Amino acid sequence: MSTQTKHTALFGFGTVGQGFYHYLAENNNDKQLATIVIKNASKSRIPDNLNFTTNVNDVFQNNQINTVVELISDYKEAFNIVKNALEQGKKVISSNKKMIAHHLEELVELEQQFGGKFLYEGAVAGSIPIIKIINEHYAFDEITEIRGILNGTSNYVLTQVFEKGIGYQEALHQAQQAGFAEANPAADVEGFDALYKLLILTTHAFGKFITPEKALNIGINNLKNSDINFAKANNLKIKLVASAKSHNNKLTLSVLPTFVDENDDLFHIKNEFNGVEVVSKNIGSQFFKGKGAGKLPTGHVVFSDYQNVEKTTYTYQHVPSGKRLKYETKESIWVYSNKITLLEKYLEDVVLLNGPQGYGSIKIADLIKAKDLLNLHQVSVIALSENVKQKLFLQLKHKIQLVYA
Ligand SMILES: NC(=O)c1ccc[n+]([C@@H]2O[C@H](COP(=O)([O-])OP(=O)(O)OC[C@H]3O[C@@H](n4cnc5c(N)ncnc54)[C@H](OP(=O)(O)O)[C@@H]3O)[C@@H](O)[C@H]2O)c1
């Protein structure tokens, strides 16, 4: 960062904006801040002596400003801000995962066309510097899979439900009280937030730009007490797992509640923490854990991007190789459901357990089609990881043998 003063504009002074400002002030860089754009001029602010404005022209008509830190909650306005700033060749840092997941390809093109910078580590997995890890550490090995817990709110709720035995609604209320969940938690509990983050990681790991409407996200909002009891009876937990993997030149993606057992690192990720497993061709599996959100964990990675913006350029080194990967939704997965019969017309194979409850094999594309139906009837769907499937099916075989013994 140059020593020129007042070259930075901050948009947003909420949770992340204040976290970023904390590090800016602590490192005596606050003199670089020309202005802070917010929405509501009458809100009281701490500190209150900063140059707050509601006028974006204070930024875009000020030629001294060469760096924009975009940390607002309005994703449409965030896109306008980031687009304008990149078109002016500015250095831009953002944490707006929804906006980035919808517009990443266009924004990268603008970055390259106008010679600016676009960094967004704060958009994914809170304090875990996972984009840097993928871009730098994995530059020389081929990533074959990324799977993780990328939404702290859902993980907090699931942890409370499993460990304290409280209901889903009560756990969600607690997450809101603790400041993890938003007043409107739909994006978290319906799996959209995890999907946005997964798609950003997919671009970096596999070189593909895939937009949210083309991918599968099923959240934790339809889980039933009977699902939790089923998991507990089998020594399993349910986690909201975001996964992207390549196999035979095909790339598959999903965000799904998933049964995991104690051998899985994700089993042990509690509360608002995030965990990401990266599997690559020669290194095998590596696991990263950290705080998934919050003022200082997120503010820190945003500040780190800010400090390193001159010397960091996302290289998208996997983008050319991504051309050989075909994004595929025809792959089949095994799922459990409290009402698997509802999916009857889509199932390739089915194992009924107890009335409508059971396992089924279904194409990801068909689960995308069935999403509205599942939400309408509030039916749960939980994916079976490969080792969990083997374990559950083995039990089933034993039971059948006992019946016939
Ligand atoms: N919270 C987290 O832990 C976390 C973690 C990772 C990423 N993020 C992402 O970071 C961004 C900010 O999240 P946050 O939690 O800090 O949100 P927040 O606490 O709700 O704060 C939002 C800020 O944006 C400002 N704002 C909203 N609309 C605006 C507009 N049209 N023009 C200018 N300013 C506007 C608000 O202004 P007023 O103050 O005037 O209301 C407020 O200062 C979001 O994209 C979020 O998804 C958040």
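Heavy-atom basis, side chains included; hydrogens, waters and symmetry copies ignored. Note that the structure is a prediction, hence the values are computed from the model and not measured. Indexing begins at 1, ligand by ligand and atom by atom, following the structure's order.
Using a 4.0 Å cut-off to heavy atoms of Leu71, the atoms of ligand 1 that qualify are 12 (C). Remark: ligand 1 atoms within the under-4.0 Å shell around heavy atoms of Ala293 are 3 (O). Close approach of ligand 1 to Asn96 (heavy-atom distance below 4.0 Å) involves ligand atoms 45 (O). For ligand 1, the atoms sitting less than 4.0 Å from at least one non-hydrogen atom of Asp74 are 28 (N), 31 (N), numbered in the order shown with element in parentheses. When each atom of ligand 1 is checked for a heavy atom of Gly122 under 4.0 Å away, the hits are 6 (C), 7 (C).
Distance from atom 7 (C) of ligand 1 to its nearest protein heavy atom, with residue and atom name: Ser95 O, 3.4 Å. Here the protein heavy atom with the shortest distance to atom 43 (O) of ligand 1 is Phe13 N, 2.8 Å. Protein heavy atom at the shortest distance from atom 31 (N) of ligand 1 is Glu77 CG, 3.5 Å. For atom 40 (O) of ligand 1, the closest non-hydrogen atom on the protein side is Asn40 N, 2.7 Å. Of the protein's heavy atoms, Ser73 CB, 4.0 Å lies nearest to atom 17 (O) of ligand 1. Nearest protein heavy-atom contact of atom 13 (O) of ligand 1 is Val16 CG2, 4.0 Å. Nearest protein heavy-atom neighbour of atom 21 (O) of ligand 1: Gly14 CA, 3.2 Å. Atom 19 (O) of ligand 1 has Thr15 N, 2.9 Å as its closest protein atom, hydrogens excluded (heavy atom only).
Between Val379 and Leu373 there is no side-chain heavy-atom pair separated by less than 4.5 Å.
At a heavy-atom cutoff of 4.0 Å, ligand 1 is contacted by the side chain of Lys97 but not by its backbone. Contact annotation: for Thr298 versus ligand 1, heavy atoms closer than 4.0 Å belong to the side chain alone. Contact annotation: for Lys39 versus ligand 1, heavy atoms closer than 4.0 Å belong to both the backbone and the side chain. At a heavy-atom cutoff of 4.0 Å, ligand 1 is contacted by the side chain of Lys43 but not by its backbone. Only the side chain of Arg45 comes within contact range of ligand 1, with a heavy atom under 4.0 Å; no backbone atom does.
Residue-to-ligand polar distances place Ile72 within reach of ligand 1: an N/O pair is separated by less than 3.5 Å.
Salt bridge Glu163/Lys270: present, at least one basic N to carboxylate O contact under 4.0 Å. Using a cut-off of 4.0 Å between Lys/Arg side-chain N and Asp/Glu carboxylate O, Arg324 and Glu142 are scored as salt-bridged. For the pair Arg45 and Asp48, the salt-bridge criterion is not met [side-chain N within less than 4.0 Å of a carboxylate O].
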Quick one, His102 with Phe79, criterion ring pair (Phe, Tyr, Trp, His ring centres under 6.0 Å). Give me CA distance, side-chain angles, the key distance, then yes/no.
CA-CA 9 Å; His102 281 91; Phe79 175 60; 9.9 Å; no
Stepwise, does the side-chain hydrogen bond (donor to acceptor under 3.5 Å, both in side chains) test hold for Thr53 with Asp58?
CA-CA 8 Å; Thr53 178; Asp58 288 354; 2.7 Å; yes
Assess whether side-chain hydrogen bond (donor to acceptor under 3.5 Å, both in side chains) is satisfied between Thr202 and Tyr327, documenting all intermediate values.
CA-CA 11 Å; Thr202 296; Tyr327 174 51; over 6 Å; no
Might you work through the side-chain hydrogen bond (donor to acceptor under 3.5 Å, both in side chains) test for Asn338 and Asp227, ending with a clear yes or no?
CA-CA 7 Å; Asn338 70 318; Asp227 301 328; 5.4 Å; no
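Ring geometry, Phe20 versus Phe303: the interplanar angle falls from 30° to 60°, so the pair is classed tilted. Relative ring orientation between Phe259 and Phe230 is described as tilted, the plane-to-plane angle lying within the 30° to 60° band.
Of the candidates Tyr314, Tyr306, Tyr196, Tyr120 forms a ring-ring contact (aromatic ring centres under 6.0 Å, His included) with just one, namely Tyr314.
With values rounded to the nearest 0.5 angstrom, Ile220 atom CD1 is found 5.0 Å from Tyr168 atom OH.
A heavy-atom separation below 4.0 Å is found between Gly294 and ligand 1.
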